[in-house]
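Everything on this sheet refers to the single structure shown next.
Every number for a ligand or one of its atoms is a count from 1 in the order of the listing. Computation of the quantities below employed the complete heavy-atom set of this structure, encompassing side-chain atoms and omitting hydrogens, waters and symmetry-equivalent molecules. Source: prediction; values computed, not measured.
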Amino acid sequence: MRTQVAIIGAGPAGLLLGQLLLKHGISNVILERQSADYVLGRIRAGVVEKGTADLLDEAGVGTRMHKEGLIHNGIEIAFSDARHRIDFHNLIGKSVIIYGQTEITRDLMAGRAAAGGETVYQAEDVSLHEIDSDRPKVRYRKNGEEHEVECDFIAGCDGFHGVSRRSIPESVLQTYERVYPFGWLGILVDKPPVSEELIYVGHERGFALCSMRTPTRSRLYIQCSLEDRVEDWPDERFYEELKQRLDAEAVARLQEGPSIEKSIAPLRSFVAEPMRYGRLFLAGDAAHIVPPTGAKGLNLAASDVHYLWQALTDFYKRNSQAGIDAYSARALRRVWKAERFSWWMTSMLHHFPDNSGFDRRLQRTELEYLISSRAAMTALAENYVGLPY
Ligand code: APR
Ligand code: PHB
């Protein structure tokens, strides 16, 4: 098989890139290790920056998001039993859309099917070859048969555990990492949200977050220990702990119901540089991970795709190599700013078991300064809604 761009991974990064390329007449094939149902079963965050929404519109898959998504003009930061609103609209005149990543993935899959794009699900043992030549190849196995895709470029959109990043020689790749000493325990529940907006809670017992998917479905998180297992946290225990971290009004508004999903995610910051090697580009989680506190995972995948899609259209439509050569540096500049913001939000709001009394006083002071300073709130707001591309 021959295509212009072979895309590894059918997460949001791979699907969005594929859709934008198809729309501009650039052929591509997506190779995905899992089944479509498995991909759609993963629960992830649901905060969409304006730039991400624009890109979904450009790809022709934004209709349902605009219809069903909730526009949020701010968030609340809670500590010491009081909540403080960060008013994005008033501070910077911008907002975000609350719309689950699972729904975005579903819309992208439907768009791809309608456009006749080819996706090979359950592609086993995907391997990359001759990536430093101008005729790279991708091999995989499906139903016991070996296949080869010849292409001009490979887009490695296969997440943190994928094969693409590992195909770059170790001597070339530099990685930077911080692993946080805690995780997030999250539940999905068919009850209305605690508040109209997201509440991020900094508490001595640990972080908590009251988020939502729709006006009738909540997503709730509490910071937990890395040793904890989902089985250690029956719903009653989850709600008891959450209530200890919330202010009285939030507790009164919390509607408890049986969880329909429950999972624990570790928190990590990670960046791999460069994001291009020869004819291979990395995009999304394949190149970087952020802790979820800034809601940047999906949005960073989208900004990578923005730079990459532009680079590839410049190559095919304008015969220019410039975008391709600039891709890694451009994407990384924005990646590091989102890494900084996600690390800052995480550091400010979590309980760090090894922190000294001094560290804890500084953490409290950071929060008090934030809510007392328009400049500090503006800095949070402009990062949260998304820095410009
Ligand atoms: N071969 C083929 N596909 C693979 C391989 C492989 N060896 N390894 C992983 N994949 C697939 C995964 O099954 C997954 O469907 O690549 C896809 C990667 O998707 P995501 O992990 O969703 O990553 P990405 O598209 O970069 O999206 C980034 O989504 O995952 C969240 O936290 C993440 O919000 C962030 C955003
Ligand atoms: C979520 O709704 O799952 C969510 C929202 C905001 C975050 C992280 C997760 O920062």
Side-chain angles (χ1 to χ4, degrees), residues 6-18 29-49 52 70 72 75 77 96 98-102 104-105 108-109 119-128 138-142 154-167 184 186-188 193 197-201 207-214 217-221 261 263 265 267-268 270 275 282-305 308 338 341-342 345-346 349 384:
I7 300 173
I8 323 286
L15 287 165
L16 180 57
L17 177 66
V29 172
I30 300 184
L31 305 174
E32 164 62 49
R33 183 168 57 183
Q34 307 287 356
S35 68
D37 282 345
Y38 182 95
V39 172
L40 286 171
R42 294 187 293 228
I43 309 285
R44 263 106 184 233
V47 177
V48 181
E49 293 176 358
T52 304
L70 309 171
H72 279 201
I75 55 168
I77 300 279
V96 292
I98 303 300
Y99 187 64
Q101 185 174 313
T102 312
I104 292 179
T105 308
L108 283 163
M109 283 180 175
T119 311
V120 180
Y121 285 100
Q122 293 171 311
E124 294 163 45
D125 285 334
V126 171
S127 59
L128 284 54
V138 182
R139 298 200 185 107
Y140 66 96
R141 206 174 54 248
K142 168 104 185 177
I154 302 172
C157 303
D158 48 353
F160 183 66
H161 300 287
V163 63
S164 300
R165 190 180 64 252
R166 283 184 275 121
S167 305
W184 278 19
I187 67 166
L188 198 61
E197 293 176 341
L198 273 60
I199 313 175
Y200 287 81
V201 187
F207 171 79
L209 170 61
C210 300
S211 180
M212 66 195 73
R213 289 291 173 273
T214 68
R217 182 170 279 189
S218 294
R219 180 76 168 150
L220 305 166
Y221 296 97
E261 195 268 354
S263 51
L267 270 70
R268 181 198 302 270
F270 174 87
M275 286 172 60
L282 301 180
D285 281 16
H288 40 72
I289 297 289
V290 283
T293 329
K296 289 286 165 249
L298 165 71
N299 294 300
L300 265 193
S303 66
D304 290 350
V305 166
L308 183 50
F341 177 65
S342 305
M345 286 282 281
T346 304
L349 290 164
Y384 196 93

TODO: Check Leu300 against ligand 1 and report side chain, backbone, both or neither, counting heavy atoms closer than 4.0 Å.
DONE: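 The answer is neither; Leu300 stays 4.0 Å or more away.
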Open item on the list: If we set the cut-off at 4.0 Å for heavy atoms, which region of Asp158 has an atom near ligand 1: side chain, backbone, both, or neither?
Closed with: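 Both the backbone and the side chain of Asp158 come within reach of ligand 1.
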Task: Gly156 versus Ser164, closest heavy-atom pair with distance - done: CA-OG, 3.2 Å
TODO: List the atom of Pro12, the atom of Leu108, and the distance in Å for their closest heavy-atom pair.
DONE: O-CD1, 4.0 Å
For [atom], tell me which residue out of [options] has the closest non-hydrogen atom.
| atom | options | value |
| --- | --- | --- |
| atom 2 (C) of ligand 1 | Gln34, Arg33, Arg44 | Arg33 |
| atom 34 (O) of ligand 1 | Leu298, Asp304, Ile104, Ile7 | Leu298 |
| atom 8 (C) of ligand 2 | Gly46, Pro292, Ser342 | Pro292 |
| atom 18 (C) of ligand 1 | Cys157, Gly9, Gly14 | Cys157 |
| atom 8 (N) of ligand 1 | Gly297, Gly162, Ala302 | Gly162 |

What residue and heavy atom of the protein are closest to [atom], and at what distance?
| atom | answer |
| --- | --- |
| atom 29 (O) of ligand 1 | Gln101 NE2, 2.7 Å |
| atom 9 (C) of ligand 2 | Ala45 CB, 3.6 Å |
| atom 14 (C) of ligand 1 | Arg42 NH2, 3.3 Å |
| atom 24 (P) of ligand 1 | Ala13 CB, 3.9 Å |
| atom 32 (O) of ligand 1 | Asp285 OD2, 3.2 Å |
| atom 7 (N) of ligand 1 | Val163 CG1, 3.7 Å |
| atom 17 (C) of ligand 1 | Glu32 OE1, 3.6 Å |
| atom 19 (O) of ligand 1 | Gly11 CA, 3.5 Å |

Any atoms of ligand 2 less than 4.0 Å from a non-hydrogen atom of [X]? List them with their elements.
| X | result |
| --- | --- |
| Tyr200 | 6 (C), 7 (C), 10 (O) |
| Leu198 | 5 (C), 6 (C) |
| Arg213 | 1 (C), 2 (O), 3 (O) |
| Thr293 | 10 (O) |
| Ala295 | 6 (C), 7 (C), 10 (O) |

Could you tell me whether the side chain of [Y] reaches within less than 4.5 Å of the side chain of [X], counting heavy atoms only?
| X | Y | result |
| --- | --- | --- |
| Thr293 | Trp184 | yes |
| Ile154 | Ile8 | yes |
| Tyr38 | Arg33 | no |
| Val201 | Leu349 | no |
| Leu40 | Thr105 | yes |
| Thr102 | Arg42 | no |
| Val48 | Ile104 | yes |
| Ile187 | Glu261 | no |

Contacting atoms of ligand 1, where contact means under 4.0 angstrom from a heavy atom of [X]:
| X | answer |
| --- | --- |
| Leu31 | 2 (C), 3 (N) |
| Gly284 | 26 (O) |
| Val39 | 15 (O) |
| Ile8 | 1 (N), 2 (C) |
| Ala301 | 28 (C) |

Using atom types as modelled and distance alone, determine if a side-chain donor or acceptor of [X] lies under 3.5 Å from a backbone N or O of [Y].
| X | Y | result |
| --- | --- | --- |
| Arg139 | Ser127 | no |
| Gln101 | Arg44 | no |
| Thr52 | Ser303 | no |
| Arg166 | His161 | yes |
| Asp304 | Gly284 | yes |
| Lys296 | Tyr384 | yes |
| Asp158 | Val163 | yes |

Open item on the list: I'd like to know if Met345 contacts ligand 2, where contact means a heavy-atom distance under 4.0 Å to any ligand atom.
Closed with: no
TODO: Take every heavy atom of Ala45, measure it against each atom of ligand 1, and state whether any distance is under 4.0 Å.
DONE: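 Checking ligand 1 against Ala45, which is what was asked, there is no heavy-atom contact under 4.0 Å.
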Open item on the list: Please determine whether any non-hydrogen atom of Pro12 lies less than 4.0 Å from an atom of ligand 1.
Closed with: yes
Nitrogen or oxygen atoms of [X] and ligand 2 under 3.5 Å apart:
| X | value |
| --- | --- |
| Arg219 | no |
| Tyr221 | yes |
| Tyr384 | no |

Task: Test side chain to side chain contact (heavy atoms under 4.5 Å, CB included) applied to Leu31 and Val138, step by step - done: CA-CA 9 Å; Leu31 305 174; Val138 182; 3.4 Å; yes
Task: ligand 2 contact on Leu209 by region, counting heavy-atom pairs under 4.0 Å - done: side chain
- [ ] Answer side chain, backbone, both or neither: which part of Ser211 comes under 4.0 Å from ligand 2, heavy atoms only.
- [x] side chain
Task: Six-ring centre of Tyr99, Arg213 cation under 6.0 angstrom, axis tolerance 45° - done: no
